[in-house]
Number of protein chains: 2
Amino acid sequence: MKQPASTPSTENQPLRLPARGRNRPQAVAETIKDWIIENGLAPGDRLPQEHQLIAHLGVSKGTVREALRVLETQGLIRTRTGPGGGAFITELGADHASALLANHFFFKEISIAHIYELRIALEPQLVFDLAPHITEEQIDELRRRMSVYTAPPASIEEERQQRVAELEFHEALAGFSDNPLLGFTCGFLVRLLKDLTVCKRIYGQPNPELRERGLSYQEQLISALRAGDADEARAIMQAHMRAAQRIMLAQEAQVTKAFLTIGDR
Amino acid sequence: MKQPASTPSTENQPLRLPARGRNRPQAVAETIKDWIIENGLAPGDRLPQEHQLIAHLGVSKGTVREALRVLETQGLIRTRTGPGGGAFITELGADHASALLANHFFFKEISIAHIYELRIALEPQLVFDLAPHITEEQIDELRRRMSVYTAPPASIEEERQQRVAELEFHEALAGFSDNPLLGFTCGFLVRLLKDLTVCKRIYGQPNPELRERGLSYQEQLISALRAGDADEARAIMQAHMRAAQRIMLAQEAQVTKAFLTIGDR
DNA sequence: AGATATTTGTTCGTATGTATT
DNA sequence: TAATACATACGAACAAATATC
């Protein structure tokens, strides 16, 4: 088992070759990833244990651990200690994925206008698709979220909470989408706005207009969704987005570099 | 001389408290990240060296290395060996970000229809914004990419290359966008399609119709862009996307689980 | 071109923490 | 409570890469 390390030549290729050339941990992570794909592992399945990976891959404990950390950062696995523990395949959740993606925009200059340009293009389409499929339970959830801001806010803090709740209304809507790409993108945009809200870099002063118009729009939207009227839902959302954009832009400041902390489990 | 410890204000507060409690590497990664934000480090700046991090954070070498690996996976740093080496802040490129994001869709069922629903909603808007700003150099680059597929393909392999080149036409277009969110999203969608093309899971047989119509549309598009006619450019792209969608859907198969390997530097 | 110093990269032995039985 | 199985963490030694002289 012990190797006298005096074999400097290319070693004894233990099963799958560890793909030398780059940094080992990344290469090992890739190898494990390929192995996951080939064996068709699904979320919940367990990877081989550390010492087995060490043996099969022909690398040391530290390298394997770094590789697992890479996969964990990518959201592919989670590890648990104790008997029966180990690394388990997991699904990369939308929030974690958003956090990873947000890093890409960290050094870019993102404005409210940029975000709303996409929301205007996508959210009307989102509700258009949703109208024929939406369930009663989903509508109930939307109503439940709306209930947070039916009454005017009493304090500046409550104002902020209501804004967050309204954004979460849209986040829930995005989560209902049948199109994972559309749903994720809309959710990501909302999360960007929500993060800005939490950071209090915007929504400085009360804005009753935004709240009331939003509430009215959402009532109409839910009616249209319940009726299964896709065209009407799209039209309402379009008007809602345009109105919100106008209000937001009026009090916008250039917003940058607040994104790195998004999510950050 | 090693450190300019003479600066009394910011630099003398080396690192924050080690944030014990959770798994150490992640906690350490967070601490380093916070430190990066607080000190306003920009791409190209260097992090403290390994042994300094070890000393300041009070953790072992292995833990620091895992933390750095986390940050590297997130696309935040790159490391180099040798004198003057170390960990350097870097910008998360669109391709790397796409690869990270693609993991989120690995266990979801993504179809061509899903991709085109977003392309139809976004790419017309993309060229609409672009028309007033586009430069001659950018138009030249578009023309250069088009030149790859002006002639009909001689082989099935050339057919594939032409398809990739046409997708890269759209990728270039996305890269010109003033809106980073819009640009990235359009680029990501194209990368998904490109990956499918490379994997040869689609585009099995020649499709002269797609090529010729695409070529014609792109000629028109470039004319409109040069003229700065935003409305016309948008209309052309809309028609182009709809036509492409029709053709693609005709020969589509359900496409799943080919995304994990995207990019994979 | 080659020697050397600097810095990250890799390995191994050992010890600790944690969850299951 | 104890025993077991697993990940987690530490530290020292060694290897590889690379800039500078």
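Bear in mind that the values here come from a model prediction, so they are computed numbers and not experimental data. Numbered from 1 within each chain, the chains take letters A, B, ... in sequence-line order.
Across the protein-nucleic acid pair, A:Ile77 atom CD1 and D:dT8 atom C1' stand 14 Å apart, rounded to whole Å. Here D:dT8 presents its C1' atom at 15 Å from CD of A:Gln49, a figure rounded to the nearest Å. Protein atom CD of A:Gln26 is 11 Å distant from nucleotide atom C1' of C:dG9, rounded to whole Å. Rounded to whole angstrom, the span from the CG atom of A:Leu47 across to the P atom of D:dC6 amounts to 14 Å. When rounded to the nearest whole Å, the span between CG of B:Leu68 and P of C:dT7 equals 15 Å. Going from atom CD of A:Glu66 over to atom C1' of C:dC12 covers 15 Å, rounded to whole Å. Atom CZ in A:Arg78 sits about 14 Å away from atom P in D:dA7, given to the nearest Å. Between A:Ile54 atom CD1 and C:dT11 atom C1' there is a gap of 10 Å when expressed in whole angstrom units.
Applying the side-chain contact (heavy atoms from CB on, under 4.5 Å) test between A:Ile36 and each of A:Ile89, A:Asp45, A:Thr31 identifies A:Ile89 as the sole match.
Between B:Arg160 and B:Glu157 a salt bridge is recorded (basic side-chain N to carboxylate O distance below 4.0 Å).
Contact check, A:Thr63 against C:dT11: a side-chain N or O comes under 4.0 Å of OP1 or OP2. A sub-4.0 Å separation between OP1 or OP2 of D:dT8 and a side-chain N or O of A:Arg65 is present. Put simply, A:Thr79 has a side-chain N or O that comes within less than 4.0 Å of OP1 or OP2 on D:dT8.
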Just by protein heavy atoms under 4.0 Å, how would nucleotides 14-21 of chain C read 5' to 3' in B, S and -? B--BBBS-

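Rounded to the nearest 0.5 Å, atoms OG (B:Ser98) and CZ (B:Phe184) are 4.0 Å apart.
A search for salt bridge (charged side-chain N to carboxylate O under 4.0 Å, His left out) contacts involving B:Glu171 returns B:Arg191, B:Lys194, not counting sequence neighbours. Residues that satisfy the side chain to side chain contact (heavy atoms under 4.5 Å, CB included) test with A:Pro48, not counting sequence neighbours, are A:Trp35, A:Gln52, A:Leu53.
The B:Pro25 side chain lies nearest to D:dA9 when the options are C:dT10, D:dA7, D:dA9.
Taking the six-membered ring for Trp and thresholds of 30 and 60 degrees, B:Phe188 and B:Phe105 have ring planes inclined between 30 and 60 degrees apart.
Of all heavy-atom pairs between B:Ile32 and B:Leu68, the closest is CD1-CD2, 4.4 Å.
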